[in-house]
Amino acid sequence: MNNFIDELRWRGMLQDMTPELEQHLNDGMRSAYLGFDPTADSLHIGHLVGVMTLLHFQRSGHKPFALVGGATGMIGDPSFKSAERNLLDKATLDHNVECLKKQLSKFLNFKEGTTNKAELVNNYDWMSQFSFLEFIRDVGKYITVNYMMAKDSVKRRLEEGSGLSFTEFSYQLIQGYDFFHLWKNKGVSIQLGGSDQWGNIVTGTELIRKMEGGSAFALTVPLITKADGSKFGKTESGSVWLDPDKTSPYAFYQFWLNVSDEDASKYIRIFTLLDKNSIEILEKQHQEAPHLRILQKEIAKQVTTMIHGEQEYEMAVKASEILFGKSSTEDLAALDERTFLQVFDGVPQVQIDREEYMNIGNVLDLLSEKSQGLIFPSKGEARKMIQGGGVAINKEKVSDPNASNNYTLLQNKYLLVQKGKKQYFIISIK
RNA sequence: GGGGGAAUACCAAAGCGGCCAACUGGGACGGACUGUAAAUCCGUUGACUUAUGUCUUCACAGGUUCGAAUCCUGUUUCCCCCA
């Protein structure tokens, strides 16, 4: 069994911790919690860092609690956000909480009988019992406004002049109380979180100390960054979700595969469970032959398998090979229909009647008007792109916009259209 | 309250009566190279269309002129200086 702190340390996942934590952990099995905000009905890869942290905690023999913020989600954490958050309604929140619970339950070991079995809690369960009066009397009394205003997350909002509502201001108190509640009732003595949570976590340890003279600990992990400074976990099409309906396993796999060299070493430590030795070997191999992108492939494999399973991973690899490998028209034609559809699952499709299709004069019409503007909204754009060499049908470049429309249909009913390198469309003939 | 200046396409920034759909840079998008990368190079970047075409743009509303992003009048917004 490995040491939790050491494990995080070499993985570059340790930002900060309260001083006596290490000793505290060495003294036996401990419990820690980490919270997830139900702002959407799926986790995204940014949350994965938290998940991994809990996972390491459990693997070190300790007991992890995943908290879903059914209550805190109603308030909105002001931490390092520049503007007041929009509140979600209760129904949406309930739905989100349920979805997150389902996802979280896949990662940790919740098996009965395991001594350090993971637990899932929702702070709505205890916060909803409180009346406002009770809360400000029993909890608010212990923390001064001066203390709360001194937090960076709050201070910044005050300085910027954008202000924050009393609602958001109270957030740290609620989260602090969560910690107290879990400490009191579940024996949770540690709170884990992203580095932006430090202030909120410490309010919790403060509350525990003041209310009952207890001691509790904090540990934060760094926020994930990208070497080029852009925001981690975003693609052109938005967040990378764990829910396969929101981000297909293929797109998910692609995200990891496209990680830059600078970031790959960092990410493989954070997002996979590979041990130090294996990682160093992979890094060495990567350096020797960077073009093979060994690191990226391994990260993509590990993470995709963990989230979506082996089958989906293999499908994603297959799809990637077909889409980006040097496959030809023949390779495409050789695919059976089922595989073809699987590979191109999620690719935008447009249907054209067979009769109508037969009457289309040239490629230009086919890609603009006749495909209802899905591929190109106008003839002009289609023409420009074709002339710029950016269009391919069935993996073969289209060079003349006026070329007649006599492509071989795959499976006798599909055309695979490529706009640029990465955008695919399917025209299916009915 | 007084004085001065500015508003141009996704952003920045030229243009100051016809040669302006508007220089240039960034971004975005394509292409070449490559590792589905970075760097570099090339092309496109108001709309529709493909003819040496049409239409809609230079804060907004009017006006002068054969002709305006460019001149005049009013309106709005922003910036600076003085009080």
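Just so it is clear: chains get the letters A, B, ... in the order the sequence lines come, proteins before strands, and each one is counted from 1.
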Whichever of A/Lys422 and A/Leu364 has the more 5' nearest nucleotide on RNA chain B, that residue is A/Lys422
If I pick the C1' atom on B/rG1 and the same atom on B/rC71, what distance separates them, to the nearest angstrom? 31 Å
With hydrogens left out and only the distance checked, is there a donor-acceptor pair under 3.5 Å joining A/Gln254's side chain and the base of B/rU36?
yes
To the nearest 0.5 Å, atom CD of A/Gln411 lies from atom CZ of A/Phe340 at 7.0 Å
Indicate whether OP1 or OP2 belonging to B/rA32 is found under 4.0 Å from a side-chain N or O atom of A/Lys397. yes
Could you measure between the two P atoms, the one in B/rC23 and the one in B/rC11, and give it in whole Å? 16 Å
Result for ring-ring contact (aromatic ring centres under 6.0 Å, His included) between A/Phe271 and one of A/Phe255, A/Phe252, A/Trp256 points to A/Trp256
Any strand, both distances under 3.5 Å, Watson-Crick or G-U wobble: B/rU44 pairs with B/rA28
C1' atoms of B/rC81 and B/rA39, separation to the nearest Å
47 Å
Discussion item. If I pick the C1' atom on B/rG17 and the same atom on B/rG63, what distance separates them, to the nearest angstrom?
Written reply: 15 Å
Check for me whether A/Lys419 meets the cation-pi criterion with A/Phe376, that is, NZ or CZ under 6.0 Å from the six-membered ring centre and within 45 degrees of the ring axis. yes
Rounded to whole Å, the NZ-P distance (A/Lys419 to B/rG31) equals 12 Å
Sorted by position of nearest nucleotide on RNA chain B, 5' first, the leading residue of A/Leu257 and A/Gly380 is A/Leu257
* Asked: Quantified in whole Å, what is the P atom distance between nucleotide B/rU8 and nucleotide B/rC78?
  -> 14 Å
Practice problem: Look at all strands and tell whether A/Glu262 reaches a base, only sugar-phosphate, or nothing, counting heavy atoms closer than 4.0 Å. | Solution: nothing
A/His291 has its side chain closest, among B/rG35, B/rU50, B/rU34, to B/rG35
In whole angstroms, the gap separating C1' of B/rG35 from CD of A/Glu321 amounts to 15 Å
For B/rG5 and B/rC10, measure between their P atoms and round to the nearest Å.
29 Å
Distance check: side-chain N/O of A/Arg293 vs OP1/OP2 of B/rA37, anything under 4.0 Å? no
Winner on side-chain proximity to A/Lys384, out of B/rU36, B/rC29, B/rA47, is B/rA47
Please check the phosphate of B/rA38 (OP1 and OP2 only) for any side-chain N or O of A/Ser260 closer than 4.0 Å.
no
To the nearest 0.5 Å, atom NE2 of A/His62 lies from atom CG of A/Leu54 at 12.5 Å
Check: Quantified in whole Å, what is the C1' atom distance between nucleotide B/rA28 and nucleotide B/rG62?
Finding: 38 Å
**Study point:** P atoms of B/rG46 and B/rG25, separation to the nearest Å
**Key:** 15 Å
In whole angstroms, the gap separating P of B/rA38 from CG of A/Asn258 amounts to 9 Å
A/Asp261 CG to B/rA39 P, in whole Å, measures 13 Å
ask   = Cation-pi between A/Lys413 and A/Tyr357: NZ/CZ under 6.0 Å from ring centre and within 45° of the ring axis?
value = no
Rounded to whole Å, CG of A/Asp365 lies from P of B/rU50 at a distance of 9 Å
Next on the checklist: Please evaluate residues A/Gln197 and A/Asp77 with respect to the criterion side-chain hydrogen bond (donor to acceptor under 3.5 Å, both in side chains), reporting the C-alpha separation (whole Å), side-chain torsions for both, the decisive distance (0.1 Å), and the verdict.
Outcome noted: CA-CA 9 Å; A/Gln197 291 300 308; A/Asp77 184 1; 2.8 Å; yes
Picking from B/rG30, B/rA37, B/rG35, the nucleotide nearest the side-chain atoms of A/Gln423 would be B/rG30
With the side chain defined as heavy atoms from C-beta on, A/Lys421 is closest, among B/rU49, B/rU34, B/rG30, to B/rU34
Rounded to whole Å, NZ of A/Lys379 lies from C1' of B/rA51 at a distance of 14 Å
Among B/rU36, B/rU49, B/rG30, the one nearest any side-chain atom of A/Ser378 is B/rU49
Side chain proximity check, A/Ile427 to A/Tyr407, heavy atoms < 4.5 angstrom: no
When rounded to whole Å, the CD to C1' distance for the pair A/Gln418 and B/rG30 reads 13 Å
Applying the 3.5 Å cut-off to both distances, the Watson-Crick or G-U partner of B/rA38 turns out to be none
A/Leu295 CG to B/rA38 P, in whole Å, measures 17 Å
Checking N1-N3 plus N6-O4 or O6-N4 for Watson-Crick, or N1-O2 and O6-N3 for wobble, each under 3.5 Å, the partner of B/rG1 is B/rC82
B/rG62 -> Watson-Crick or G-U wobble partner, both distances under 3.5 Å, gives B/rC72
